[in-house]
Amino acid sequence: MRVMVTGSAGFIGGHVAEALEAAGHDVVGLDTRTGADVRDATALDALLPGVEAVVHQAAKVGLGVDVSDLPAYACVNVFGTAVLLAAMARHGITRLVLASSMVVYGEGRYACAAHGDVRPGPRTADDLDGGRFEPPCPRCGDPLRWAPIEEDATPDPRNAYATSKLAQEHLAATWARETGGTVAALRYHNVYGPRMPRDTPYAGVAAIFRSALRAGRAPAVFEDGRQLRDFVHVRDVARANLAALTASLPPGGLRAWNIASGAPRTVGEMARVLAAGCGGPGPRVTGGYRLGDVRHIVASPRRAEAELGFRAAIGFESGMAEFARS
């Protein structure tokens with residue numbers, strides 16, 4: 001199959017392009033690093049003839065620094081996706097694999113002993129300043145228990161990046177309805193691995209910790225280090241894209257899957273394992289925070305396993321050890 005991969009020179013996109021080529025697909029790459037921009041309709045019209053499917057990885061990533069980042073997230077992620085979808089319609093391309101994100105959920109899934117499943121609101125600066133990191137029940141204020149979140153949960157984005165990723169899903173769903181196309185939306189959890197960006201405020205937490213360790217500094221862990229995430233290796237993510245590309249989907253709609261390991265770890269634990277792998281100092285828990293962060297986001301990977309046959313294969317310890325050396 002002839003497949004365009006947007007963001008093909010990026011961290012995840014590069015691994016996806018390699019996996020597709022290894023499986024025998026003919027990959028057409030598009031990336032700003034090689035002079036082509038997903039927002040450039042002329043460039044798309046030159047590259048799309050003969051393409052049968054698009055794997056859309058290009059995006060501005062990370063939580064963002066402050067509200068000054070809003071235009072960039074809207075321009076790259078939202079406008080760029082709209083330009084791509086319009087070009088796909090012009091060229092009769094009806095299959096899209098979309099790199100979405102777990103950030104569309106906001107806070108993860110929680111249960112209150114008295115009120116059952118609840119969705120807590122955004123955590124306040126007063127609570128975070130006071131070291132009250134766990135979100136309370138929005139109805140009674142009692143402590144909550146986290147649970148794995150599934151794809152049918154109501155989206156609740158909490159920052160600019162999350163809002164832009166959800167907008168991508170909505171645009172893609174509209175495109176599918178109007179063209180009869182299919183959209184496989186892969187909601188990545190915390191992706192890490194070789195070639196991960198470093199030394200940038202938009203990098204993932206694993207990359208930020210590794211950069212600190214290589215400079216001889218202890219990783220600075222926010223909050224109390226007990227916030228839960230699901231860390232999934234980039235080569236597993238590439239395999240998920242390969243599976244989604246050929247999945248059987250009904251036309252005219254979007255189907256979403258969590259792409260995750262199914263084995264949550266705390267951020268503090270990740271920092272300790274990475275520090276050991278780098279031979280650096282142990283992590284320093286700072287009590288600091290970023291207001292747009294969520295406390296726990298733990299995925300249920302059951303739908304991806306049942307429908308895509310995807311199950312993460314790279315374990316946390318071995319994956320982090322490789323990442324420490326990369």
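Along the sequence shown, the residues carry numbers beginning at 1.
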**OP:** Could you state whether Val294 and Leu144 fall into the same hydrophobic cluster, counting links through intermediate Ile, Leu, Val, Met, Phe, Trp or Tyr residues with side-chain heavy atoms under 4.5 angstrom apart?
**Re:** no
Original post:
Can you check whether Gly268's main-chain N or O pairs, donor with acceptor, with Arg226's side chain at less than 3.5 Å?
Top reply: no
Original post:
Can you name the nearest heavy-atom pair linking Gly106 to Ile297, along with the distance?
Top reply: O-CD1, 4.0 Å
Original post:
Nearest heavy-atom pair of Lys60 and Tyr73: which atoms, and what distance?
Top reply: O-CE2, 3.4 Å
**OP:** Begin from the C-alpha positions of Phe323 and Met196 and carry the test side-chain contact (heavy atoms from CB on, under 4.5 Å) through to its verdict.
**Re:** CA-CA 9 Å; Phe323 177 60; Met196 192 174 188; 3.8 Å; yes
Subject >> Residues in side chain to side chain contact (heavy atoms under 4.5 Å, CB included) contact with Ala184, at least two apart in sequence or another chain >> reply: Val97, Ala244, Leu249, Trp257
Original post:
Which of these passes side chain to side chain contact (heavy atoms under 4.5 Å, CB included) with Tyr289: Leu291, Asp293, Thr286?
Top reply: Leu291
Subject >> Any residue meeting side chain to side chain contact (heavy atoms under 4.5 Å, CB included) with Ala86, in chain and number order, not counting sequence neighbours >> reply: Arg90
Original post:
Are any non-hydrogen side-chain atoms of Arg39 and Cys75 less than 4.5 angstrom apart?
Top reply: yes
Original post:
Do Val191 and Ile314 share a hydrophobic cluster, counting only Ile, Leu, Val, Met, Phe, Trp and Tyr and linking them when any side-chain heavy atoms are less than 4.5 Å apart?
Top reply: no
**OP:** Compare every heavy atom of Ala58 with every heavy atom of Thr6, then report the nearest pair and how far apart it is.
**Re:** OG1-N, 3.0 Å
Original post:
For the residue pair Tyr161 and Val61, what are the closest heavy atoms and their distance?
Top reply: CE1-CA, 3.7 Å
Subject >> Distance, nearest 0.5 Å, that separates OG1 of Thr32 from CG of Asp37 >> reply: 6.5 Å
**OP:** Step by step, work out the side-chain contact (heavy atoms from CB on, under 4.5 Å) result for Asp230 and Met102.
**Re:** CA-CA 10 Å; Asp230 189 304; Met102 55 90 174; over 6 Å; no
**OP:** Report the distance from atom SG of Cys278 to atom CZ of Arg325, rounding to the nearest 0.5 Å.
**Re:** 10.0 Å
Subject >> CA sep, side-chain torsions, deciding dist, call: Arg229, Val298, side-chain contact (heavy atoms from CB on, under 4.5 Å) >> reply: CA-CA 6 Å; Arg229 297 292 187 271; Val298 176; over 6 Å; no
**OP:** Could you tell me which residues satisfy ring pair (Phe, Tyr, Trp, His ring centres under 6.0 Å) with His15, sequence neighbours excluded, listed by chain and number?
**Re:** none
**OP:** State plainly whether one hydrophobic cluster holds both Val76 and Tyr188, where clusters connect Ile, Leu, Val, Met, Phe, Trp and Tyr through side-chain heavy atoms under 4.5 angstrom apart.
**Re:** no
Original post:
Quick check: does any side chain N or O of Asp236 sit under 3.5 Å from a backbone N or O of Ala313, one acting as donor and the other as acceptor?
Top reply: yes
Subject >> Residue pairs, two or more places apart or on separate chains, that pass side-chain hydrogen bond (donor to acceptor under 3.5 Å, both in side chains) and touch residues 269-285 >> reply: Arg265-Glu269
**OP:** Let me see the working for Glu223 and Arg123 under salt bridge (Lys or Arg N to Asp or Glu O under 4.0 Å), right down to the final yes or no.
**Re:** CA-CA 12 Å; Glu223 302 185 19; Arg123 297 181 296 169; 2.8 Å; yes
Subject >> hydrophobic_cluster_shared for Leu128 and Trp146, side chain cutoff 4.5 Å >> reply: no
Subject >> With sequence neighbours excluded, residues passing side-chain hydrogen bond (donor to acceptor under 3.5 Å, both in side chains) with His91 >> reply: Asp45
Original post:
For Arg139, does the CZ atom have more than 12 heavy-atom neighbours from other residues, nucleotides or ligands under 6.0 Å away?
Top reply: no
Subject >> Pro301: side chain to side chain contact (heavy atoms under 4.5 Å, CB included) partners, not counting sequence neighbours >> reply: none
Original post:
Are any of the side-chain nitrogens in Arg2 or Glu52 under 4.0 Å away from the carboxylate oxygens of its partner?
Top reply: no
Original post:
Under the side-chain hydrogen bond (donor to acceptor under 3.5 Å, both in side chains) criterion, do Ser261 and His189 qualify, and how do the steps go?
Top reply: CA-CA 8 Å; Ser261 72; His189 285 251; over 6 Å; no
**OP:** Each residue besides Val183 in its hydrophobic cluster should be listed here, by chain and number; the cluster joins Ile, Leu, Val, Met, Phe, Trp and Tyr at side-chain heavy-atom distances under 4.5 Å.
**Re:** Met4, Val28, Leu30, Val38, Leu44, Leu47, Leu48, Val51, Val54, Val78, Phe79, Val83, Leu84, Leu85, Met88, Ile93, Leu96, Leu98, Leu171, Trp175, Leu254
Original post:
Can a salt bridge be assigned to the pair Arg295 and Asp224 using a cut-off of 4.0 Å between side-chain N and carboxylate O?
Top reply: yes
Original post:
What's the spacing between Ser68 OG and Leu70 CG if we round to 0.5 Å?
Top reply: 8.0 Å
Subject >> Closest non-hydrogen atom pair, Ala247 against Leu308 >> reply: CB-CD2, 3.6 Å
Subject >> Interatomic spacing from CG in Asp129 to CG in Asp126 - rounded to 0.5 Å >> reply: 6.5 Å
**OP:** Take Gln57 and Val16 through the test side-chain contact (heavy atoms from CB on, under 4.5 Å) and record every step on the way to the result.
**Re:** CA-CA 9 Å; Gln57 305 289 322; Val16 170; 4.2 Å; yes
Original post:
How long is the gap from CG on Asp69 to OG on Ser164, to the nearest 0.5 Å?
Top reply: 10.5 Å
Original post:
What pairs with His296 under side-chain hydrogen bond (donor to acceptor under 3.5 Å, both in side chains), at least two apart in sequence or on another chain?
Top reply: Glu134
**OP:** With sequence neighbours excluded, tell me which residues meet side chain to side chain contact (heavy atoms under 4.5 Å, CB included) with Ala9.
**Re:** Asp31, Arg33
Original post:
Quick check: does any side chain N or O of Glu169 sit under 3.5 Å from a backbone N or O of Ala167, one acting as donor and the other as acceptor?
Top reply: no
Original post:
Distance-only, no hydrogens or angles: does the Arg239 side chain make a donor-acceptor pair with backbone N or O of Arg311 under 3.5 Å?
Top reply: yes
Subject >> Exam field: side chain Asn241 to backbone Val237, donor-acceptor pair closer than 3.5 Å >> reply: yes
Subject >> Arg255: salt bridge (charged side-chain N to carboxylate O under 4.0 Å, His left out) partners, not counting sequence neighbours >> reply: Glu307
**OP:** For Tyr192, enumerate each residue passing the ring pair (Phe, Tyr, Trp, His ring centres under 6.0 Å) test, keeping only those at least two apart in sequence or located in another chain.
**Re:** His233
Contacts table for residues 113-121: side-chain donor-acceptor under 3.5 angstrom, sequence neighbours left out:
from   : atom 1 : to     : atom 2 : distance (Å)
Arg119 : NH1    : Thr154 : O      : 2.9
Arg119 : NH2    : Tyr105 : O      : 2.5
Arg119 : NH2    : Glu107 : O      : 3.1

Original post:
So if you build clusters from Ile, Leu, Val, Met, Phe, Trp, Tyr with side-chain heavy-atom gaps below 4.5 Å, do Met270 and Phe222 land together?
Top reply: no
Original post:
When rounded to the nearest 0.5 angstrom, what is the spacing between CZ in Arg214 and CZ in Arg210?
Top reply: 4.5 Å
Original post:
Any salt bridge between Glu18 and Arg195, counting N to O under 4.0 Å?
Top reply: yes
Original post:
Okay, side chain of Asn258, backbone of Ile149: is any donor-acceptor separation there less than 3.5 Å?
Top reply: yes
Subject >> Nearest heavy-atom neighbours spanning Ser100 and Lys165 >> reply: CA-CE, 3.8 Å
